[in-house]
Amino acid sequence: MTIQVLKNEVINKIAAGEVVERASSVVKELVENSLDAGATQITVEINGGGLALIRVTDNGSGILSDEIQLAFERHATSKINSFEDLSLNHSLGFRGEALPSIASVSDVEIISSNVNENSGTYAELENGLVVKKQKQARSQGTTIAVKNLFRNVPARLKFIKSKTTENSHIANVVSQYALAYPEVRFSLFIDGRESLKTPGTGNLIDSINAVYGVEIASNMMPINSSQDFNTDEKGVVISGMVASPKISRSNRNYISLFVNRRWVANRNLVWAVEEAYHGLLMTGKHPVAVINIEVPLSDVDANVHPTKTEVRFKEEGNIYLALQRAVRQSLVNTAPVPRVGEITASYRGQSQLIVPPEQRRMEMKVVNEEEPGTPVVSSLPVLRLLGQSMNSYIVAEGPDGIYIIDQHAAHERIMFEKITKQKEQQGVEVQGLLEPVSIEVLPVQDEILFKNYKYLADFGFTIEPFGNRNYLVRTVPSIMYKKDWQSALNELIDKLSIKNKANITEHIISTIACHSAVRFGQSLSHDEMRELVRQMEQADLPHACPHGRTTMIHITKKQLEKEFGRI
Ligand code: ADP
Ligand code: MG
């Protein structure tokens with residue numbers, strides 16, 4: 001065979017392999033084009049898993065009649081002129097690849113009416129070429145219908161799973177853009193049935209309500225990154241909402257991340273969000289978050305892959321830190337105590353679903369002002385102790401209802417914060433044992449302890465090897481003195497053997513906290529309970545134990561009144 005330049009038709013089909021992986025990729029590209037055209041209303045209609053029909057209608061700027069064929073040419077774009085423009089470019093598209101790729105693997109119909117023209121234009125394309133074109137009335141905007149997707153690419157068709165799978169991918173794409181652009185009214189119809197509609201109010205909470213429903217929406221808290229975290233992260237602004245830790249999901253699909261409002265897939269950034277929830281969610285649970293990271297255009301490169309879901313940062317480490325801190329900050333500031341069945345159908349449709357944090361803190365202040373000198377340090381009001389139930393639960397009363405506290409989980413949280421603070425400040429407080437205690441470890445533990453015994457000194461355990469699997473323990477953390485520190489130490493050795501050392505400090509501290517805390521089923525004196533409640537009031541994150549279990553339940557006055565039929 002001689003060398004020859006491939007025909008455009010072949011090139012476009014090859015490129016389509018990258019840009020148009022499945023029906024949802026078509027939806028993504030068309031919706032991005034509508035957003036780039038400044039649309040405030042975007043309707044997506046899908047039939048037969050997107051293979052029969054994908055129709056996207058917008059009220060954006062429209063395409064000039066004379067430029068319709070051009071829009072479907074390869075590398076034809078109105079969004080950049082030169083390579084340098086890339087670093088100034090705010091638009092989602094810029095490669096001029098989507099329309100020609102789509103048109104090479106489907107039949108396309110387009111009706112568009114440009115702002116500067118009186119009438120609209122209808123055109124039909126086959127194999128990427130306009131085969132029919134005529135005037136047609138239409139209000140400003142563009143409708144693109146993609147039919148018979150992949151009919152001429154049997155290899156691709158074979159990989160398409162069920163229509164339901166394709167539909168859910170498409171619904172996900174539209175949902176993500178609806179979350180990224182709350183000011184745009186999105187509608188999605190699947191096989192004629194409306195499956196998503198956002199109001200386009202510009203309030204993120206309304207989009208979250210439309211996409212995820214009222215239960216999640218009423219538990220979202222704004223991220224407040226107005227304070228500059230670090231001068232290294234100049235120009236990076238993190239905004240959006242994260243869910244209270246009591247709302248969690250068993251996969252990561254509910255973490256939506258956008259960079260300059262471009263939906264991105266970036267594992268490290270997802271980790272940063274999860275890190276921020278560390279100690280608040282149970283193992284295997286993942287948070288709900290909708291976050292936009294605003295980065296100066298010169299510090300981010302979206303031109304990594306034709307689909308542009310991957311981005312590269314100049315300083316990814318800084319972005320990671322800024323993101324993690326912003327999320328953590330908002331959890332610490334605003335995490336509310338979980339309430340029983342607070343969500344009622346009557347919330348549906350209301351746009352202000354959550355109490356803004358300013359207001360929430362105001363309420364706290366009022367309570368605390370009654371006790372002068374009490375610093376406003378927690379999201380728990382001052383509580384009045386009522387008693388203990390089942391030797392396990394402490395019952396207390398607050399300004400708005402009753403609190404039932406899991407005594408072990410709560411005490412564990414208190415201990416966890418105490419040791420963490422000690423460690424950050426003057427070091428973990430230690431207590432010398434009257435006599436050094438000799439312990440013998442299992443053969444499997446010996447190597448691990450031998451490697452780590454010095455490290456454990458940072459946590460209050462002064463240990464010396466004594467030969468033959470024996471060790472001498474001279475000091476223990478003060479809070480463990482007179483507690484069963486031996487079983488805690490055993491557990492610590494096992495924790496240290498885990499290969500993944502991420503968050504090892506937290507794991508060690510939470511083990512110590514767990515073994516120092518009062519037990520479930522332990523009878524407590526009135527004074528002990530008072531002290532525990534007082535410490536809970538001052539905890540940074542009183543509502544969850546370090547393992548992520550709930551420490552307390554709040555039954556509001558209103559709920560009681562409702563239960564008793566008073567309102
Ligand atoms: P890109 O988005 O990278 O520029 P596309 O192939 O997706 O490339 O689109 C080519 C051009 O067609 C765009 O640059 C734009 O000028 C025009 N276009 C596509 N879709 C729309 C739309 N919905 N509204 C207005 N113009 C559009
Ligand atoms: Mg495009």
Side-chain angles (χ1 to χ4, degrees), residues 8-9 11-21 24-45 54-83 85-106 108-117 120-123 125 127-130 133 136 138-146 173-174 177 180-181 184-187 260-263 301-309 311:
N8 260 342
E9 196 192 317
I11 295 175
N12 285 338
K13 267 197 192 168
I14 291 173
E18 283 180 311
V19 184
V20 194
E21 196 196 333
S24 63
S25 332
V26 174
V27 175
K28 173 179 176 289
E29 294 297 336
L30 296 181
V31 166
E32 288 190 350
N33 279 347
S34 298
L35 290 167
D36 281 344
T40 55
Q41 194 169 342
I42 300 175
T43 303
V44 180
E45 295 159 90
I54 296 170
R55 181 159 48 217
V56 176
T57 304
D58 69 50
N59 63 351
S61 57
I63 303 174
L64 288 169
S65 179
D66 284 347
E67 294 190 347
I68 286 189
Q69 175 68 69
L70 197 56
F72 287 86
E73 301 284 332
R74 197 161 160 70
H75 308 307
T77 179
S78 57
K79 299 169 193 176
I80 56 167
N81 258 322
S82 67
F83 185 72
D85 284 355
L86 266 188
S87 56
L88 308 165
N89 178 269
H90 281 278
S91 61
L92 295 164
F94 51 78
R95 297 173 61 116
E97 283 180 323
L99 293 188
S101 301
I102 293 167
S104 75
V105 291
S106 68
V108 174
E109 284 173 34
I110 176 170
I111 311 171
S112 191
S113 173
N114 184 272
V115 226
N116 301 312
E117 287 179 325
T121 306
Y122 167 88
L125 289 97
N127 295 318
L129 296 175
V130 174
K133 191 171 160 188
Q136 185 170 322
R138 193 207 186 281
S139 53
Q140 186 198 315
T142 304
T143 300
I144 295 185
V146 173
V173 165
V174 180
Y177 280 97
Y181 289 81
V184 176
R185 280 161 64 186
F186 281 90
S187 301
N260 298 341
R261 305 231 273 175
R262 180 191 297 286
W263 179 32
D301 183 5
N303 189 26
V304 180
H305 186 267
T307 58
K308 304 181 231 73
T309 51
V311 290

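For ligands, and for the atoms within them, numbers begin at 1 and follow the listed sequence.
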Matching residue for I102 among L30, N12, I144 - test: side-chain contact (heavy atoms from CB on, under 4.5 Å):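 Answer to the side-chain contact (heavy atoms from CB on, under 4.5 Å) test with I102 among L30, N12, I144: L30.
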Suppose we only count N/O/S atoms under 2.8 Å; would N33 qualify as near the Mg ion (ligand 2)?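 It does; at least one qualifying atom falls short of 2.8 Å.
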Within the supplied structure, the quantity of interest is the number of heavy atoms (other residues, nucleotides, ligands) at a distance under 6.0 Å from R185 CZ; does it exceed 12?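 Open.
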Answer yes if the side chains of K13 and N127 hold a donor-acceptor pair under 3.5 Å, and no otherwise.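 Checked: K13/N127 side chains show no N/O donor-acceptor pair below 3.5 Å.
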Holding to side-chain contact (heavy atoms from CB on, under 4.5 Å), I want the full list of residues that pass it with I80, two or more places apart in sequence or in another chain.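 Here the qualifying residues are T77, D85, L86, N89, F94.
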Minimum heavy-atom separation for E117 to I63, with atom names?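 Taking every non-hydrogen atom into account, OE1-O, 4.2 Å.
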Would you indicate whether the side-chain heavy atoms of Y177 and V184 approach each other to under 4.5 Å?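 No, their side chains stay 4.5 Å or more apart.
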Tabulation required: pairs of a nitrogen or oxygen in ligand 1 and a protein nitrogen or oxygen under 3.5 Å; columns are atom names and distance to 0.1 Å; otherwise 'none'.
from     : atom 1 : to   : atom 2 : distance (Å)
ligand 1 : 2 (O)  : N33  : OD1    : 2.9
ligand 1 : 2 (O)  : K79  : NZ     : 2.6
ligand 1 : 3 (O)  : F94  : N      : 3.0
ligand 1 : 3 (O)  : R95  : N      : 3.0
ligand 1 : 3 (O)  : G96  : N      : 2.8
ligand 1 : 4 (O)  : T77  : OG1    : 2.6
ligand 1 : 6 (O)  : A98  : N      : 3.3
ligand 1 : 6 (O)  : L99  : N      : 2.9
ligand 1 : 7 (O)  : N33  : OD1    : 3.0
ligand 1 : 7 (O)  : N33  : ND2    : 2.8
ligand 1 : 14 (O) : T77  : OG1    : 3.4
ligand 1 : 14 (O) : S78  : N      : 3.0
ligand 1 : 14 (O) : S78  : OG     : 3.2
ligand 1 : 16 (O) : S78  : OG     : 2.5
ligand 1 : 20 (N) : N33  : ND2    : 3.4
ligand 1 : 23 (N) : D58  : OD2    : 2.9
ligand 1 : 24 (N) : T142 : OG1    : 3.4

